[in-house]
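These notes are about the structure you will find just below.
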2 protein chains.
Amino acid sequence: MAKRDGYHHGDLRAALIAAAQAAVDAGGPDAVSLRDLALTLGVSTAAPYRHFHGRDALLSEVAARGFTDLGEAYARAQAAASDPQTALRETARAYLTLAFGRPGLFKLMFGSDLVNAADAPTSLLQPAAAAWEGLYRAVAAADPAADLATVKRRAITGWSTLHGFITLVQGARLKGFMTEPLTEAELLEAVLDKTLKPD
Amino acid sequence: MAKRDGYHHGDLRAALIAAAQAAVDAGGPDAVSLRDLALTLGVSTAAPYRHFHGRDALLSEVAARGFTDLGEAYARAQAAASDPQTALRETARAYLTLAFGRPGLFKLMFGSDLVNAADAPTSLLQPAAAAWEGLYRAVAAADPAADLATVKRRAITGWSTLHGFITLVQGARLKGFMTEPLTEAELLEAVLDKTLKPD
DNA sequence: CTCCGATGTAAGCGTCACTTACATTGCGAC
DNA sequence: GTCGCAATGTAAGTGACGCTTACATCGGAG
């Protein structure tokens, strides 16, 4: 790859994904402009369309890799844990780590309508579903005696707590409320406690 | 108002807000185009700028009215309840009602960066803060013995559960998982239960 | 009645995603 | 080897968007 002959780029597709990833991490989904990417990569504005149907297709690829990363982080957290309770807590922590460590990517994955779109590609839907399965798996393993409905209910309500806290914090809705008598670390543990509480 | 002399509109400002509100309810914040609104109202594309600094200022006005509505819904719910526990549950239900009843408006209020913006006007920040106070008030009233940190923690984690569920549902992240053995109504009550559980 | 501030218009700028017609290249078939 | 074709690039243009500037029109206060 990376052979430049003055006309063909070498591996424009990979370069576009990398540049888009960087832009998403730096400024979220809205910071991605195909024109900008093309200019940065020294290529015409029409070139990206040889590799992606459009802006959404490129963003879908970036989001898909985010979901893949998330699923792998879940798997690592669960493999490293000595018992199912710890595994569940560390799985939740992996979600928080992605959300607060790469907020731009998180916004793309969970704040955009890409996954919701009618023409969402399998390459996006599959990793997204796999990530959810990773969460679900941890909830199920933490209480093998629970029936299906219970596990689903716990997974959904727990995920809601975790996800809601993240979106509220990132939307700056808790500014001035998170501090005062509560430290941020205390609050984070409180959120984890509520997230994991069985019922 | 509404005097049309062929040149001046009569009350363009109010008409713009109403049209923007309708567009937001119909298709969310992204569905609002100043050009479209101007065309619909039979006015030039530059006219809206006589009444709003730009697109964000108009959307801020719509969002502000949403927060005002939310705060009033809280107040009504609390006034109608016979005891503080019921008041808290009905306050939470009011949040769900706005979210699921007017998803486009909810997305504008909590999914956009308007409130977060550095130049957010007081006319938006004040109703937003007031709405949060309405939630907080209900949590505090439900347990008068609790200290400040406890009330804050409960309000934040509870709101997180509620808010996260809404955003996950509206992002279609729970499609196929909400149904199976769980009815949607059951799940909603489960979310409310988890939201309101003191600790 | 006259002037002036409020409110409108016409025209245009720069950016965006995307399309179309054409140019260049590497590579496998022969 | 070279020929032809598919892959990959370019140049130019379309239409929508937010926003700005210079000018036109109107109603009401003096």
Side-chain angles (χ1 to χ4, degrees), chain A residues 1-20 23-24 26-63 108 112-114 117-121, chain B residues 1-20 22-24 26-63 104 108 112-114 117-121:
Chain A
M1 52 173 163
K3 296 196 307 178
R4 291 281 338 225
D5 50 34
Y7 198 100
H8 288 90
H9 177 276
D11 196 352
L12 182 54
R13 183 185 164 84
L16 281 167
I17 293 172
V24 164
D30 296 347
V32 174
S33 148
L34 289 191
R35 289 174 102 89
D36 262 12
L37 297 185
L39 184 67
T40 301
L41 297 175
V43 108
S44 80
T45 64
Y49 295 90
R50 293 290 170 197
H51 301 278
F52 297 95
H53 286 151
R55 187 175 179 274
D56 285 357
L58 173 55
L59 288 180
S60 282
E61 183 60 40
V62 174
L108 172 66
S112 77
D113 288 333
L114 285 179
D119 60 344
Chain B
M1 49 170 167
K3 296 195 307 179
R4 291 282 339 229
D5 49 36
Y7 198 101
H8 289 89
H9 178 277
D11 195 352
L12 183 54
R13 181 185 164 86
L16 281 168
I17 293 172
V24 164
D30 296 347
V32 173
S33 148
L34 289 191
R35 290 174 102 92
D36 261 12
L37 296 185
L39 183 67
T40 301
L41 297 175
V43 106
S44 80
T45 63
Y49 294 90
R50 293 288 171 199
H51 301 277
F52 297 96
H53 286 151
R55 187 175 179 274
D56 285 357
L58 174 55
L59 289 180
S60 281
E61 183 61 40
V62 174
L108 172 65
S112 77
D113 290 331
L114 284 179
D119 61 343

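Residue numbers begin at 1 in each chain, while the letters A, B, ... track the order of the sequences. Only a predicted model underlies this, so the values are computations on that prediction, with no experimental measurement involved.
Atom-to-atom, CG of Leu39(B) to P of dG18(D) comes out at 12 Å; the value is rounded to the nearest Å. Asp30(A) has its CG atom 18 Å from the P atom of dT15(C), to the nearest Å. A straight line from CG of Leu12(A) to P of dT25(C) spans 16 Å, rounded to a whole angstrom. Atom NE2 of His53(A) and atom C1' of dT19(C) are 14 Å apart (whole Å). Leu16(B) has its CG atom 13 Å from the P atom of dC19(D), to the nearest Å. Atom pair Arg13(B):CZ and dG8(C):P shows a separation of 12 Å (rounding to whole Å applied). Atom CZ of Arg50(A) and atom C1' of dT25(C) are 13 Å apart (whole Å). Nucleotide dG8(C) holds its P atom 10 Å from the CG atom of Leu41(B), rounded to whole Å.
Taking Asp113(A) as the reference, Lys107(B) meet the side-chain hydrogen bond (donor to acceptor under 3.5 Å, both in side chains) condition, with sequence neighbours excluded. Considering only residues two or more places apart in sequence or on other chains, Ser33(A) meets the side chain to side chain contact (heavy atoms under 4.5 Å, CB included) condition with Arg35(A), Asp36(A). With sequence neighbours excluded, the residues forming a side chain to side chain contact (heavy atoms under 4.5 Å, CB included) with Ala120(B) are Leu125(B), listed by chain and number. When the salt bridge (charged side-chain N to carboxylate O under 4.0 Å, His left out) test is applied to Arg13(A), the partners found at least two apart in sequence or on another chain are Glu61(A). Ser44(A) is linked by a side chain to side chain contact (heavy atoms under 4.5 Å, CB included) to Ala46(A), Ala47(A), counting only residues two or more places apart in sequence or in another chain.
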Extract all donor-acceptor atom pairs below 3.5 Å that involve side chains of residues 49-57 of chain B and protein atoms in other chains or at least two apart in sequence.
{"unit_1": "Arg55(B)", "atom_1": "NE", "unit_2": "Val32(B)", "atom_2": "O", "d": "3.0"}
{"unit_1": "Arg55(B)", "atom_1": "NH2", "unit_2": "Pro29(B)", "atom_2": "O", "d": "2.9"}
{"unit_1": "Arg55(B)", "atom_1": "NH2", "unit_2": "Val32(B)", "atom_2": "O", "d": "3.1"}

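A distance of 9.5 Å separates OG1 in Thr45(B) from CG in Leu34(B), rounded to the nearest 0.5 Å. Between Asp30(A) atom CG and Leu59(A) atom CG the span is 9.5 Å, to the nearest 0.5 Å.
Of the residues near DNA chain C, Tyr49(A) and His51(B), the one whose nearest nucleotide (by heavy atom distance) lies more toward the 5' end is His51(B).
For the residue pair Pro48(A) and Val43(A), the shortest heavy atom distance occurs at CD-CG1, 4.4 Å.
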When you compare the protein's N or O atoms with those of nucleotides 5-7 of chain D, which come within less than 3.5 Å of each other, and at what distance?
none

Check the interface with nucleotides 12-17 of chain D: list each N/O to N/O pair with the protein under 3.5 Å, or write none.
none

